[in-house]
Amino acid sequence: MVRAGVPGHDVAILRASSGLHRPWVAAISAALVCAFLSSSLPDHQDRVFLLLAPLIPVLAVAMAYDLTDPMRELETSTPVSKFRIALLRASKPLAVAVPVTTAIGIVVPGLGGLAFVWLMPGLCLTVTMLLLLTWWTAWVTAGALAAGWSLVFGALVQQRSLDQLDSSGAQLVFAAIAVVAAAALIVRTKSIRLQGGY
Amino acid sequence: MSTATAVLDGVSKSYGRTAALRTTDLELGYGVIGLLGPNGAGKTTMLRLVATSLPPTTGRILVAGHEVTASMAARTAARRCLGYLPQEVVFPRGMTAFSFLDYVAVLKEWQSADSRHREVLRVLELVKLGDRATKRIAKLSGGQRRRLALAQSLMGSPDLVVLDEPTTGLDPEQRASLCGILSGLAGTGTVLLSTHQTEDVAALCDRVIVLDDGAIRFDGTVVDLIATARGRVHVASLANPGALNSWRTGTGAVRSVGGQPGIDADAVEPTVEDAYLLLRAARQDNEGANR
């Protein structure tokens, strides 16, 4: 990682995040469940895949934030930004969740065209989650986003306009939300950096 | 100007309707300060408040001159001056002693790998784990893990070291070694530790604070605490049924704490434990009388 340009102190944080195998396993399991449901419900496989796939990175990040931090109390009393640690940790399971879910979209018969459609909603949800995590706890944030995404998805299904997700307009909306959330996240972390937080 | 390393000014902590720590004013200066009290007395809450790992419900906390309750920036500045050993440290799996401490050094903002590694080796030597640096933590004994956890709190020689039951799991030799380390720190900073081992307090602490039911019941020197029990601890040939505690010692004599001494009883020098037990009993008596 150092050879790849990752600073030594960030490598030390990542190395200490050995508990990250849990969000890693959860992300792969969720991707496999998504693949299983998609292939066993051929009439609804696009709905199942597009509903679940964008939530897999959300699950991975939630677990990375909440479940795999055995040293939380010790870390709290140190000056380093907890948000920075969390971001670094989230990057590790995301590096697994995104390619695995995409691969499943490619491999499962009948999903080929949707393999990449979920990426933009997934990015949008994940960046929004990182932003909301600066206020809320991991599972509250994940729950709120899952509920929000289900509502949006349900509305699209009810209007029989699910295929619009694949349109460049919809993809642009998700991209725009992701950009706004990322900008807000940068402003938020630069202004408070969550250094000194409890 | 106050020379206190930490100040609690009207600090309290409640969880819902349960008061874990009642309104408390306290100044902690240089030296080793022991917190004694039964389980649930509020010791860990007080330590966590001082270590900035928990926000108070009311009041101000200052650490090394920084008002940690005022702003995040002040809290961060305070955290640069303190080391904290929680009651239980769960180690990340698969790490060696060295990599764990290297990680904590990163958390403490040691950016340069060279100076970080030097500091890691220094604290490993300090807790006598220098030869275990490359061992996986899972392969260390319970006592060695506790010393490793202690080592992280000593990194960077902080002004304030907060230790929650540091002697738990240590054998007598290791405890003696720990006493040596902590007394060395006392000259240049403040060590605040909680313990159930009254002999540790007697051996190590300049000052002792007894907490019970979320409030300070005693705050003074070890000598002052022992003095509260003077004339109330006796040895006799027969058991003293009115005593708070009474037991037959190895010499065959019965040692009793509190109560009315028997005819053949001789007063003996009390220990910290005797004084602590009497303090607790007095409080329970007061509570009973007030009901």
Side-chain angles (χ1 to χ4, degrees), chain A residues 1-3 5-25 63-93 134-135 137 187-198, chain B residues 44 47-48 50-56 63 66 68-96 99-114 116-117 120 137 149 152-153 155-156 158 160 162 164:
Chain A
M1 278 192 278
V2 173
R3 273 190 215 141
V6 182
H9 48 277
D10 286 351
V11 173
I13 290 174
L14 287 171
R15 202 181 288 145
S17 310
S18 53
L20 282 178
H21 74 271
R22 274 192 283 177
W24 191 88
V25 169
M63 286 199 80
Y65 266 63
D66 200 62
L67 287 180
T68 59
D69 195 349
M71 291 167 62
R72 180 164 295 169
E73 190 177 0
L74 198 154
E75 284 168 352
T76 305
S77 63
T78 63
V80 78
S81 161
K82 280 70 196 172
F83 189 66
R84 182 179 172 78
I85 299 176
L87 276 183
L88 282 164
R89 287 182 174 167
S91 66
K92 222 170 160 182
T134 64
W135 288 283
T137 61
V187 171
R188 175 109 175 115
T189 51
K190 274 199 168 173
S191 59
I192 61 165
R193 291 188 297 157
L194 294 196
Q195 197 176 33
Y198 278 110
Chain B
T44 294
L47 294 181
R48 293 184 71 198
V50 174
T52 76
S53 94
L54 199 66
V63 171
H66 307 285
V68 301
T69 39
S71 68
M72 283 184 161
R75 199 146 55 236
T76 300
R79 285 171 179 168
R80 293 190 176 112
C81 307
L82 70 86
Y84 175 44
L85 170 67
Q87 201 170 59
E88 277 182 48
V89 175
V90 184
F91 296 98
R93 269 161 289 186
M95 292 187 102
T96 64
S99 58
F100 167 72
L101 291 176
D102 190 39
Y103 174 64
V104 177
V106 170
L107 297 180
K108 294 192 172 189
E109 298 180 323
W110 290 69
Q111 300 287 331
S112 151
D114 279 350
R116 204 167 69 222
H117 294 169
V120 168
I137 296 171
Q152 62 75 30
S153 69
M155 200 165 287
L160 172 64
V162 180
D164 201 348

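Small disclaimer: the values here were computed from a predicted structure and weren't measured.
With a threshold of 4.5 angstrom between heavy atoms, B:V104 approaches chain A through side-chain atoms but not through N, CA, C or O.
Between the side chain of B:R79 and the backbone N or O of A:T76, at least one donor-acceptor pair lies under 3.5 Å.
Contact detail for B:L107 and A:P79: the closest heavy-atom pair is O-CD, 3.5 Å. Scanning all heavy atoms of the two residues, the minimum distance from A:S77 to B:A51 falls at CB-O, 3.1 Å.
Side-chain contact between A:L74 and B:V89 is present, with at least one heavy-atom pair separated by less than 4.5 Å. The closest side-chain heavy-atom distance from A:E73 to B:E88 is not below 4.5 Å.
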